[in-house]
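Below you'll find the structure, written out as structure tokens, and then a few comments.
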Amino acid sequence: MKITGAKVFVGGPGKNYVTLKIETDQGVYGLGDGTLNNRETLTAKYLQDYLIPCLIGMDPRNSEDIWQYFYRGAYFRRGPIAMAAFGAIDMALWDIKGKLANLPLYQLFGGKSRNGAMVYAHATGADLPDLMDSVARYVDQGYKAVRVQCGIPGMPTASYAVPEQAGSNTDYITDFSGIRPKEEIWDSGRYMRYMPGALAEIRDRFGPDLHILHDVHHRLLPREAAEFAKEVEPVKLFWLEDPTPAEDQDALRMIRQHSTVPIAIGEVFNSIWDCNKLIQNELIDFIRVAVTYAGGITHVKRIVDLAGLHHVRTGFHGAPSHSPLCMAAQAHLNAWAPNFGIQEYLVLGTPECDALFPSAHKMENGLFHVSDAPGLGVDFDETEAARYEYKAGSHPIVRLEDGTLWNY
Ligand code: GCO
Ligand code: MG
């Protein structure tokens, strides 16, 4: 069996999805997601110029060898662009494998370990009452877990992922449009004084059963994060996410020494080498890698297995930047993983997105149910794809009030 061709599409409804389609001499094709948020053309170029020419003629069933060929062959190892490109190929090869076996991917991993995978939604508010309304809307829809992000009084601009104005009813707020980044102003002091009380009020209002998550988005220093984590302990968060920028793996010790709040980290990681110490030293509770950014199913499954040895559960990244293909790859891992924790989930199911990526996967009452279609269980409509074109975007940058650059 041979790979005869591969095409890359960039574009989509409101997002520049990077979609790879690998074709074979047996008529079976595989699909993969290579969307690297706000740097989409780079993965596409890496695929087109360096990887696809080598793929032609390879046996698509040898997904492990192909992964090693590209990872070792790059010489300059890891990095988000290369790993997202390998991720797209790997996902497409697993899709082919599943279609050849006529089995959904979770069956190839070891079958189902649960009936449905718990997801969490994003509640946001310009202020606390606005946030409470947002949480209530998700609770009414049956969500069992909600991430809460709140505007901070006195902060000169809206902080991470919150709207400027109350009543906007949006579940995810970040305007990435344009090459020149938008700027936000951040003040850790105001945040640390306000947010623990806000979280306590949310717990009081919604009771003990709702799983409450919160994303610090890399904004605190390790000592500040330790203080914050200690203070929010009584709220019983499901997790506290990215309290510090996690490239300093040892910094997490400080937080652990002061608090038992569960820590989730890893959405910016792209290999097992970015999180092996965090996992082996049991400094985190949830690993947040995404199948696209971290080199595909082959590599992420290794991370999941390492995590399982150390009581670390999965909490895969699921921001809207991932296409339904990545979300499907994660859904199959979530159905199988003995150490599954939770899945971040933003409503992808707009009519435009469903038309571009038809699938029978479904979310109901806060649980994601993976379909039994062979492979990833998501298709791609090339005619629909022709409607979209690439639109440049950038992540915002963050400064302190005196102008010092900080972490988005
Ligand atoms: C999350 C993330 C996202 C990121 C975004 C960057 O927890 O979902 O923090 O909101 O900011 O994916 O590309
Ligand atoms: Mg996050």
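Basis for what follows: all heavy atoms, side chains included, without hydrogens, waters or symmetry-related copies. Order of appearance sets the numbers: ligands from 1, and atoms from 1 within every ligand.
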Checklist entry - By atom name, which N, O or S atom belonging to Glu241 lies closest to the Mg ion (ligand 2)? => result OE2
Item to check | Contact summary for Val312 and Ile287, nearest pair of heavy atoms | outcome: CG1-N, 3.8 Å
Checklist entry - At a 4.0 Å threshold, what atoms of ligand 1 neighbour a non-hydrogen atom of Asn37? => result 6 (C), 13 (O)
Checklist entry - Looking at Glu267, which of its N, O or S atoms is the nearest one to the Mg ion (ligand 2)? => result OE1
Checklist entry - Hey, what's the ring geometry for Tyr71 with His299, parallel, tilted or perpendicular (30° and 60° as the breaks)? => result parallel
Item to check | Plane angle bin for Tyr408 and His395 - parallel if under 30°, tilted between 30 and 60°, otherwise perpendicular | outcome: tilted
Item to check | Tyr191 OH to Cys150 SG distance, which is reported to the nearest 0.5 Å | outcome: 10.0 Å
Next on the checklist: Please list, in number order, the atoms of ligand 1 under 4.0 Å from a heavy atom of Arg147.
Outcome noted: 1 (C), 7 (O), 8 (O)
Item to check | Which N, O or S atom of Asp215 lies nearest to the Mg ion (ligand 2), by name | outcome: OD2
Item to check | Sub-3.5 Å N/O-N/O distance, Arg288 and ligand 1 | outcome: yes
Item to check | From His317, Glu267, Glu344 - option closest to atom 12 (O) of ligand 1 by heavy atom | outcome: His317
Item to check | Side chain proximity check, Ile202 to Ile212, heavy atoms < 4.5 angstrom | outcome: yes
Next on the checklist: Is it the case that over 12 heavy atoms from other parts of the model lie below 6.0 angstrom from the NZ atom of Lys391?
Outcome noted: no
Next on the checklist: Any nitrogen or oxygen of Tyr120 lying under 3.5 Å from a nitrogen or oxygen in ligand 1? Just yes or no.
Outcome noted: no
Item to check | side-chain contact (heavy atoms from CB on, under 4.5 Å) partner of Glu344, the single match among Glu241, Met327, Arg288 | outcome: Arg288
Checklist entry - Against heavy atoms of His395, which atoms of ligand 1 measure under 4.0 Å? => result 6 (C), 13 (O)
